[in-house]
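Keep in mind it's a predicted model, so treat the numbers as computed, not measured.
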Amino acid sequence: MPDHAAEGAAPGARPARPHHKLTEDGRRMREVLSYSRRGTRFTPRQQEAWDAYAERWWVPDEAVDDPAFSLAGCFGRTAPLIVEIGPGIGESTAALAASRPDHDVVAIEVWRPGVADTLGRVGAAGLTNVRLLSVDAVWSMEHLVGPDSLAALWTFFPDPWHKTRHHKRRLVTPAFAHLAATRLAPGAEWRLATDWADYADQMVEVLDAEPLLAGGVVERWDERPVTKFERKGLAAGRAITDLAYVRA
């Protein structure tokens with residue numbers, strides 16, 4: 001598939017994906033992103049899962065460059081759509097999707113070994129209502145998700161970027177909160193969790209200030225399984241904060 005960023009997008013095409021944006025003189029544009037693309041080396045188990053399921057359930061990055069691409073088209077049916085940002089190794093993804101067979105779940109994860117782990121869990125559970133996407137979540141929410149369309153949004157243990165100078169890279173910002181709120185259907189819920197107290201405080205401050213959302217800190221969501229990231233936070237003595245916000 002052609003690289004639209006290099007050759008120029010056709011009329012009506014979506015803007016280039018992150019890492020594909022160029023300056024006027026053709027140089028790659030540096031952007032502030034909420035993630036870093038970590039190692040891509042697979043363990044034998046991850047490679048086995050990738051080989052077995054990626055062709056069916058992972059959406060190649062280049063596929064979204066097609067202006068005709070749609071998330072609904074990945075499933076071959078019309079169903080309420082849920083987006084999960086940063087599923088990690090897919091523990092929550094598989095458990096929550098299994099209890100919602102009448103919903104389609106798009107899990108956005110750029111860490112390729114995590115994608116492989118998630119594919120393995122989805123495959124082991126025999127699920128057909130999950131697809132994995134490895135394109136920037138902010139771009140995806142803006143360009144692939146329609147306004148008022150999401151049945152739910154899940155963001156569990158996003159990268160805390162705990163050094164102060166890196167806070168600008170955190171996902172939950174006023175701009176993203178507004179974008180996410182516009183993509184939720186009225187009455188739909190955004191569930192979040194973090195094990196970093198200062199990030200929890202930032203989430204509350206940001207989300208409370210978004211007029212389209214109402215909610216706050218809640219008791220731990222019992223549907224969400226205890227994940228590797230949660231166990232790591234607990235082992236380090238950090239408290240887990242769950243939040244739930246509803247689109248007005």
Side-chain angles (χ1 to χ4, degrees), residues 49 53-60 63-64 69-110 114-158 171 176-177 179-193 207 212-215 218-227 229-230 242-248:
Y53 303 117
E55 186 174 352
R56 282 181 283 174
W57 297 330
W58 176 72
V59 180
V64 303
F69 174 82
S70 72
L71 294 178
C74 297
F75 295 92
R77 69 171 185 173
T78 300
L81 179 66
I82 297 171
V83 166
E84 180 181 16
I85 298 175
I89 59 176
E91 294 162 295
S92 294
T93 313
L96 294 172
S99 65
R100 294 162 172 77
D102 58 337
H103 286 65
D104 290 333
V105 178
V106 172
I108 302 175
E109 178 58 70
V110 298
V115 173
D117 275 325
T118 303
L119 288 170
R121 285 181 166 82
V122 168
L127 306 179
T128 59
N129 64 329
V130 178
R131 297 294 184 272
L132 277 296
L133 190 70
S134 297
V135 175
D136 174 68
V138 177
W139 186 94
S140 297
M141 289 286 287
E142 183 178 1
H143 297 285
L144 305 181
V145 179
D148 306 327
S149 65
L150 285 185
L153 177 61
W154 303 330
T155 311
F156 305 132
F157 304 97
L171 176 68
F176 181 72
L179 171 63
T182 65
R183 269 39 185 175
L184 289 168
E189 190 173 55
W190 185 2
R191 285 276 183 173
L192 308 96
L207 299 177
L212 292 177
L213 298 173
V218 295
E219 294 294 320
R220 190 189 185 284
W221 191 24
D222 57 7
E223 286 194 64
R224 179 174 60 78
V226 179
T227 66
F229 296 100
E230 184 169 358
D242 273 68
L243 303 95
Y245 283 82
V246 175
R247 164 72 191 275

- Val130/Trp57 under side chain to side chain contact (heavy atoms under 4.5 Å, CB included): CA gap, chis, key distance, verdict: CA-CA 7 Å; Val130 178; Trp57 297 330; over 6 Å; no
Is the shortest side-chain heavy-atom distance between [X] and [Y] below 4.5 Å?
{"X": "Phe69", "Y": "Val59", "value": "yes"}
{"X": "Leu212", "Y": "Leu184", "value": "no"}
{"X": "Arg247", "Y": "Asp148", "value": "yes"}
{"X": "Phe75", "Y": "Val106", "value": "yes"}
{"X": "Val122", "Y": "Tyr53", "value": "no"}

Working to the nearest 0.5 angstrom, can you tell me the gap between [X] [atom1] and [Y] [atom2]?
{"X": "Leu71", "Y": "Ser140", "atom1": "CG", "atom2": "OG", "answer": "7.5 Å"}
{"X": "Arg77", "Y": "Thr128", "atom1": "CZ", "atom2": "OG1", "answer": "6.5 Å"}
{"X": "Trp154", "Y": "Thr93", "atom1": "CH2", "atom2": "OG1", "answer": "7.5 Å"}
{"X": "His143", "Y": "Asp136", "atom1": "NE2", "atom2": "CG", "answer": "9.5 Å"}
{"X": "Glu84", "Y": "Leu132", "atom1": "CD", "atom2": "CG", "answer": "9.5 Å"}
{"X": "Thr155", "Y": "Phe176", "atom1": "OG1", "atom2": "CZ", "answer": "6.0 Å"}

- For Thr227, side chain to side chain contact (heavy atoms under 4.5 Å, CB included) partners two or more places apart: Glu91, Ser92, Phe157, Phe229, Glu230
Give me the atom names and distance for the closest heavy-atom approach of [X] to [Y].
{"X": "Glu189", "Y": "Ala244", "answer": "OE2-CB, 3.7 Å"}
{"X": "Leu179", "Y": "Thr182", "answer": "O-OG1, 2.7 Å"}
{"X": "Pro158", "Y": "Ala193", "answer": "CD-O, 3.4 Å"}
{"X": "Ala151", "Y": "Ala188", "answer": "O-CB, 3.4 Å"}
{"X": "Ala97", "Y": "Leu127", "answer": "CB-CD1, 4.0 Å"}
{"X": "Ala49", "Y": "Ala116", "answer": "CB-O, 3.4 Å"}

Would a distance-only check, ignoring hydrogens and angles, find a side-chain to backbone donor-acceptor pair under 3.5 Å from [X] to [Y]?
{"X": "Arg183", "Y": "Val145", "result": "yes"}
{"X": "Arg121", "Y": "Ile89", "result": "yes"}
{"X": "Glu109", "Y": "Gly88", "result": "yes"}

- Message: Students often mix this up, so state it plainly: with edges at 30° and 60°, are the rings of Trp221 and Phe156 parallel, tilted or perpendicular?
- Response: tilted
- Query: Passes side chain to side chain contact (heavy atoms under 4.5 Å, CB included), Trp139 versus Leu144? Steps please.
  - Reply: CA-CA 8 Å; Trp139 186 94; Leu144 305 181; 3.7 Å; yes
- Would Leu96 and Val105 count as a side chain to side chain contact (heavy atoms under 4.5 Å, CB included) if you check the C-alpha gap in whole Å, the side-chain angles of each, and the deciding distance to 0.1 Å? CA-CA 9 Å; Leu96 294 172; Val105 178; over 6 Å; no
- Message: I'd like to know whether Arg220 forms a side chain to side chain contact (heavy atoms under 4.5 Å, CB included) with Val226, so could you lay out the CA-CA distance, the side-chain angles of the two residues, the decisive distance to 0.1 Å, and finally the verdict.
- Response: CA-CA 10 Å; Arg220 190 189 185 284; Val226 179; 3.5 Å; yes
- Message: Please enumerate all residues that pass side-chain hydrogen bond (donor to acceptor under 3.5 Å, both in side chains) together with Trp58, with sequence neighbours excluded.
- Response: Ser134
- Residues passing the side-chain hydrogen bond (donor to acceptor under 3.5 Å, both in side chains) test with Asp242, sequence neighbours excluded, are Arg224
- Message: Salt bridge or not between Arg131 and Asp104? Use side-chain N to carboxylate O under 4.0 Å.
- Response: no
